[in-house]
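Questions regarding the structure given below will be posed in turn.
Each chain gets a letter, A, B and so on, in the order the sequences are listed, and its residues count up from 1. These numbers come from the heavy atoms of this one structure, side chains and all, not from hydrogens, waters or symmetry mates.
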Amino acid sequence: MLEARDLECTRGERVLFSALALRVEPGTLLRVAGPNGTGKTSLLRMLCGLLQPTQGEVRWREKPIRLLKEEYWAALAYVGHLNGVKDDLTAAENLRASAGIAGLDADEGTVRGALDAVGLAGFEDSLARFLSQGQKRRIALARLHLSGAVPLWILDEPFTALDARGVAELSALVARQLAGGGIVVLTTHQEVPVAAVRAATVELGREREPRS
Amino acid sequence: MLEARDLECTRGERVLFSALALRVEPGTLLRVAGPNGTGKTSLLRMLCGLLQPTQGEVRWREKPIRLLKEEYWAALAYVGHLNGVKDDLTAAENLRASAGIAGLDADEGTVRGALDAVGLAGFEDSLARFLSQGQKRRIALARLHLSGAVPLWILDEPFTALDARGVAELSALVARQLAGGGIVVLTTHQEVPVAAVRAATVELGREREPRS
Amino acid sequence: MVWGGWSEFWAMGGYGAFVWGAYGVTVAVLAVEVWLVRRRRRLARDEAARIRRRGA
Amino acid sequence: MIGTVAAVVRRDLLLAFRQRADVANTLLFFVVVVTMVPLGVGAEPNLLRAIAPGVVWVAALLAAILSLNRLFAADFADGTLEQMLISAEPLPLIVLGKTAAHWLVTGLPVTAMSVVLGVMFDLGAEATATLAAALALGTPVLSLVGAVGAALTLGLRGGGVLVSLLVLPLYVPVLILGAGSVEAVAAGLGAAPYLLLLGALALFALVLTPWAVSAALRISVE
Amino acid sequence: MIGTVAAVVRRDLLLAFRQRADVANTLLFFVVVVTMVPLGVGAEPNLLRAIAPGVVWVAALLAAILSLNRLFAADFADGTLEQMLISAEPLPLIVLGKTAAHWLVTGLPVTAMSVVLGVMFDLGAEATATLAAALALGTPVLSLVGAVGAALTLGLRGGGVLVSLLVLPLYVPVLILGAGSVEAVAAGLGAAPYLLLLGALALFALVLTPWAVSAALRISVE
Amino acid sequence: MIPWCAAAAIALCAAGLYVGFFVAPTDATQGESYRIIFIHVPAAWMSMFLYLVLAFWAGVGLALNTRLSAMMASAIAPTGAVMTFVALWSGALWGRPTWGTYWVWDARLTSELILLFLYFGFMALQAAIDDPRRADKAGAVLALVGVVNVPIIYFSVKWWNTLHQGASVSLTKAPTMAATMLAGMILMALAFWMYAVAVTLVRVRAIILERERRSDWIKELAPGA
Amino acid sequence: MKPRHKRAALIGAGLLLLAGAVTLVLTAFQQNLVFFFTPSQVAANEAPAGKAFRIGGMVESGSLERAGDGLTVHFRVTDTARSVQVKYTGILPDLFKEGKGVVAQGRLGPDGVFQATEVLAKHDENYMPPEAAHALEQGAKAQKTMQGR
Ligand code: HEM
Ligand SMILES: Nc1ncnc2c1ncn2[C@@H]1O[C@H](COP(=O)(O)OP(=O)(O)OP(=O)(O)O)[C@@H](O)[C@H]1O
Ligand SMILES: Nc1ncnc2c1ncn2[C@@H]1O[C@H](COP(=O)(O)OP(=O)(O)OP(=O)(O)O)[C@@H](O)[C@H]1O
Ligand SMILES: [Mg+2]
Ligand SMILES: [Mg+2]
C-alpha cells in the first residue's frame, strides 16, 4: 500500500503543490492528471524516492521510503519520460543491461520473451539507434515484462509514441498487473484506456497559474 | 503543391515502402498513419529533403526539391520528433536562435508573442532545462507562430506531451494554416482533432510485418 | 621599546618590503572582505524589504 | 546572409557562455598543463623555456581536437542540426558561423593565453609575439579543418578516434609551420615566410572547408 | 551483489567498445602528447629521459580529467541514471562498477601504454616497471576521485571547468607520489614507500568515494 | 553579538600588533622578518580551523537536513579562503628572506595550497547550482571529502622532513618561543578568530535574507535586520 | 540477502580495506620518504648517485669559505654524525649562517663534493631574543640536529 502524507513540492522558487495526501490500495490504478508543467512528473519522481519532498513523506506498507531504500526499490518499477535506452546497444543488450542495473537476473529466454511481448520480435539485435521512436519506447516498456513480481509500477506518460496496437497491449498489461493485486500510478494526457476495477485520479494544478 | 512520385525508402536492408505517390493541394491536411516503425518519420524527412529517396523524387510546385534547395526550405517549417531545444538557453533565447537559423528575423515582440501563443507566458526567461516535457515541446511548436507566411508545415507527432488545452490550441493553429491555403503534413497515433475541410491519409505498413 | 625611530621601524631591519608586503596585503584583503560582506547584507536587506512592501 | 552568420555565432557563443565550460575549459586546460609540467618535470627555468613553445602548440592542438566532437554533436542529438539543414539560408554560411564560434571559444583563448605563457616562461618579446601571431593564423585552420572531420564522423560509433585519425595528418603542416616560426625567431631568422604560409593555409581553409562540411553534414544526418 | 557490479561493468565496457572512441581516444591522446613533446623540446635523449615520467603522469591526469564528463553524463541524459538510483542493489556497488569500467577504458590503457613509453624513452627496466606500477596504483585513484567531481557537477552549466577545479587539487598528491616514485628509482633509491602510499590512497579511495559519489548522484539527479 | 565580536577583533588586533611590534624582541636568527609570524600563524591556524567548522556544519546539514547549518557552511567558506590566502601569501613573503625562496613543493606548502583550492571549489560549486537546496547538499559532500586534507596539513611537518619548520606551539610540550612573541601571536590569533566570527555571522544573515525572502517569518525580520 | 544485510556486508568489507590502507601508510612511513637527505644517508650511499637531490643539515661551524669572486662558497653540511662538502655559486639567503639549518639542491660530484644549484636556509621552531639565544648557545648547539622527523 502506497501512501503520501502532506506532500509539498518546490521547484526553483515555485511551490508546485502542497498538502497533497494520497493512499493507494493494492489493485488500484492511480492516474495523475493536470496540464503541462503542473508537477505530474515531479510527483511521480517523489513517489519513486528520486526527489525529496520539501515537506511530508511517502510511505510504503506503513514505512517511510526514505528509510526503506533498496527494500522499497525492489518493489518498484519506474518508466519515466526518458527511455533509458542506449543508442549503441541492441534492443536485447539494452534490456539485459536494464535488468542488471535493476538487480534482476534475466536469462536469454526472458529477455527475448519480453521483447517479443512488446512487439519487437525480429528487432532484438538491431541497434537502438536504428529503431523508430515508438520502438525505443517499447524497449523501455519491456522492462515491465521482466519484473513480473514487482507490485508497484510508476509510469510517466507510458503511451507516448505508441501506435494504437501498442496502446491496447500496454493497457492489457496494466489491467493484468492490477488484477494481480499490483498498484499502477501513471500520467497521461490521453484518456486512460485501461479497464480498471478500482481507479482514482489526482488532479494537479487546478487553480494555479504560471508566475514569472 | 507538394507531390511525391514513386518514392522508395530503404533503411538498413529493409525496404520500408516503395512506389509511394502522393499529391497535396493547398489547403489540405495530409495525415501519415501506420504502426510503430513503418516509416512515417522516414517519409516526412524525405518530404523535407533531409533523407534522399532510394527511388523517385519529391516535387514542390512542379520542381524537384533536390534542385530547389533553399528556395524550397524557405517555404517549409518542420517540427520533428526532437524538439531542437537547448537546455542551456531560455525559452526566448531558444526561439530567437531557431529564427536565426531558419533565416527569419524575429524581433523581441514577435518572439514573446509566439511564446505567449503557445502558453509559455511567464516562462520566457526560464532555462529550458527547468521546463517540463510539455513545455519544451511548446517551445518547438512556437516556431510555427514565427513563420507566419510559410505555406508548408511538416509535423512529426506534434501532439506528443501536450495537455488537452495544448492539443486544442495546436489543432486550431493547424486549421488556421489550412484555411489560409497552407499545406500541413503530420503524423500522430491519436485521432487527429483538426477540423479540416480537405484531408487525406497515407497509410503505411499495411501488410508489412517486421522481418529479422 | 625596540625601535630607534620611525625609519628604523619602517625598514624592519632590512625586511621592510616583506613584512609590510605581508601586512599590507592582509589588511587589504580583509578590508575588501568586510566591504563585500557588508554590501551583500545591504543588498539582501533592501531586497527583502522591497518584497515585504510589495507583499504586504 | 551576414545576419545568419551573426545569429549562429551569437547563439553558439551564448551557449558557450552559459555552459561556461567551453571558454574557461580551454584556459584551464592551459593552466593545468602549465602548472602540471613543472610539477611533473621539475621546475628548471632553462628546461621550461626550451619546452614552452612546444607545450603551447601541443596544447592548442589538443584543445582543438578535444573540442571537435562538441562542434556538431549536441546540435545533432537534439534536432537543431536538422533545422540548420533545411534553413532558407545557405548551409555553408551557417557552418562558417559555427566554426567561427568554435574558434572564438578555443583558438582565441589559446592565442591570448600564449602571450601570458610567453611572459611566464620568459621567451622574450619577439618570440612571444611570433608565437601569438602564428597561433592567431594557425588556430582558425585547426577549427576549419577539424570541422570537416567532425562532420564526417557525426553519429558514427567510432566518432572520437576517427576524427583524430582524419584530422591529425592535416594538422601536422600547421604544427610544423607554427613551431618552426618560433624556432626561426629564436635562431635569429625572420618568421615571415612561416607566417605567410600559415596565412595562405588559413585562407584556403576558409574558402574550401565550409562546402566540404556542408556536404558531409547532409550525408551524416540522413 | 557481485553480479550487479559485473553487469554494470559489462554494460559500460560494451558501450565503450561500441563507441570505440573511449579506449582508443585515450591511447591516441597519449601518443599525441608524447610524440609532440620531442618535437617541441628537441630530441636529446637525456633531456627526454628526465622529463618522461613527468610527461606521462601529466598526460594520465589530463586523460582522466577529460574523460570524466563522459562518466555519468550520458546515463543522466537518457534516463539510465534514474534507473540506477532506484535499483534494488546498493548504489555504491553500481557506482563502483561504473568507475571500474571507466578505469578499464582510461587508466588501464594508460598503464599499458606506459611500458611502451618507458622503452621509447629508454628509462631502463626498473624505472619502467615502477612507472607502470605507480600508474596501476594511481590511475584507479584518479578514476575514483574524479567520479566524485563528475557526480557533483552533473548537469551543471559550468560542468567541465568545475570538475577540473574540484578534482585537480585532489589529484596533486597522486601526481607528486607517482612522479616521485620513478624519480626515486632513477636516483637509485627504492620506490617502495611511494608505491605503498599510492596503494594506501587507492584503498582509501576505493572504500570512501563510492559512498560520496552515491550521495552526490542522488543530490544531482533531484 | 556581531558588534561585540567586531569590537573584540579590533581591540585584540590593536593589542596584538602593539605587543608584536613594540614589545616582542627581535628574533635571534631571523631578525625583524619574523614579525610576519603575527599574521602568518593566526591565519594558518584559522584556515584549517575554519575548514573543520565548515565541514562540521556541512555534515550536520546533510545529516539532519537543517537549512541553517548549511547556510553557516556557505558563510564560512569565503572567510576560510581569505585566511588560507593570507597564510600562503605571508608564508611566501616570509620564506624569501628566511629560506631564500618564495615557494617550494614541500608537503606543508602543497597541502595548504590544496586547501585554498578546496575552498575555491566549494564556493564555485555552490555558485554553479541554482537550486539552493541542491547547492547546500552538493557543497556538503565536497566539504566532507576534502576534510582528509586538514590532518595532512597539520601533520605534514611530522611525517615528512620538510623545509617548513615544525610546531613551535603544541599542547604536549612547552612552546619553544619567547613569552612576549608567543603573547603577540596568541593575541593576533584571537583577533583573527573574532574577525572570522563577526564576518561569518554578518554573511550568514545576508544569506538568510537572500534565501528566505519569500517566507513569512523573514518578512517580520527584514526591517530590523 | 536482504538489503540491510548487504549494506552491513559492504560496510564490513570497507572497514577491512581501510585497515589495509592504514597498514600500508604505516609501512610507508617506516621507510624513508624524504624532502632532503641527511649527510649520514649520503655517507651510507642512500642518496641518489648521479642525480639531483636535496641535502639537509647544519652548516658546520668554521667550514664556510668564500672564493675570490665573492659568489662562490664552500661549506660543509653536517648532521653531527657525518658531513658533506658543498660548493655553491650564487646568492645565499640571509639566514644562511654557520651553525644554522640549510637545505641545498644539487648533485654529488665524483670527488664527493656536492655541487649545489640552489641553497635554502631552514629555520627551526625556536624563536627567542638574541640575549636568550646567546645564553643557550654553548650547550644546546652541540647536540642540536636538524629537525629530521
Ligand atoms: C608559502 C609558505 C608557507 C605556508 C603555506 C605555510 C603554512 C603554514 C601552516 C598551514 C601552518 C599551520 C600549521 C600548524 O599549526 O601546525 C603554519 C605554521 C607556521 N609557519 Fe608556516 N607556512 C609557510 C611559510 C612559512 C615560513 C617561511 C615560516 C618561517 C620561517 C613559517 C613559520 C611558521 C610558524 C612559526 C608556524 C607556527 C607553527 C606552530 O607553532 O604550530 N611558515 N604555516
Ligand atoms: N529541474 C528543475 N528545476 C526547477 N524547476 C523545474 C525542474 N524541472 C521542472 N521544473 C518546473 O516544475 C514544473 C513542473 O514540472 P513537471 O515536469 O513536474 O511537469 P509535468 O506536470 O510533468 O508537465 P508535462 O505534462 O509537461 O510533462 C515545471 O513548470 C517546471 O518549470
Ligand atoms: N538511421 C536509421 N538507419 C537504419 N534504419 C533506421 C534508421 N532510422 C529508422 N530506421 C528503421 O526504419 C524503420 C522506420 O523508422 P521510422 O522512424 O520512420 O518509423 P515511424 O513510422 O516514424 O515509427 P514511430 O511511430 O515509432 O515513430 C524502423 O523500423 C527502423 O528500424
Ligand atoms: Mg511530465
Ligand atoms: Mg516516428
ask   = Between atom OG1 of F:T26 and atom CE of C:M12, what is the distance when rounded to the nearest 0.5 Å?
value = 8.5 Å
query = So do C:Y23 and F:L17 actually touch side chain to side chain, heavy atoms under 4.5 Å?
reply = yes
message = Tell me every residue that passes side chain to side chain donor-acceptor pair (under 3.5 Å) with F:W94, counting only those two or more places apart in sequence or in another chain.
response = F:Q30
remark   = C:G21 and F:L93 have their tightest heavy-atom pair at C-CD1, 3.5 Å
query = What are the residues of residues 187-201 of chain F, in order of number, with any heavy atom under 4.5 angstrom from a heavy atom of chain C?
reply = F:F192, F:Y195, F:V199
ask   = Checking C:L30 against chain F: side chain, backbone, both or neither under 4.5 Å from a heavy atom?
value = both
request  = Anything under 30° is parallel, anything over 60° is perpendicular, the rest tilted; go ahead and classify F:F21 against C:F9.
outcome  = perpendicular
query = What part of F:Y102 gets closer than 4.5 Å to chain C, counting heavy atoms only: side chain, backbone, both or neither?
reply = side chain
query = Any idea which of F:A6, F:A75, F:S33 has the most non-hydrogen atom pairs under 4.5 angstrom with chain C?
reply = F:S33
query = Applying a criterion of heavy atom separation less than 4.5 Å, what residues of residues 78-87 of chain F form contacts with chain C?
reply = F:P78, F:T79, F:V82, F:F85, F:V86
task = Output all residues satisfying side-chain contact (heavy atoms from CB on, under 4.5 Å) with C:R40, sequence neighbours left out; order by chain, then residue number.
result = F:R203, F:A206, F:I207, F:E210
key: Heavy-atom contact with chain F under 4.5 Å, split by part of C:F18   = both
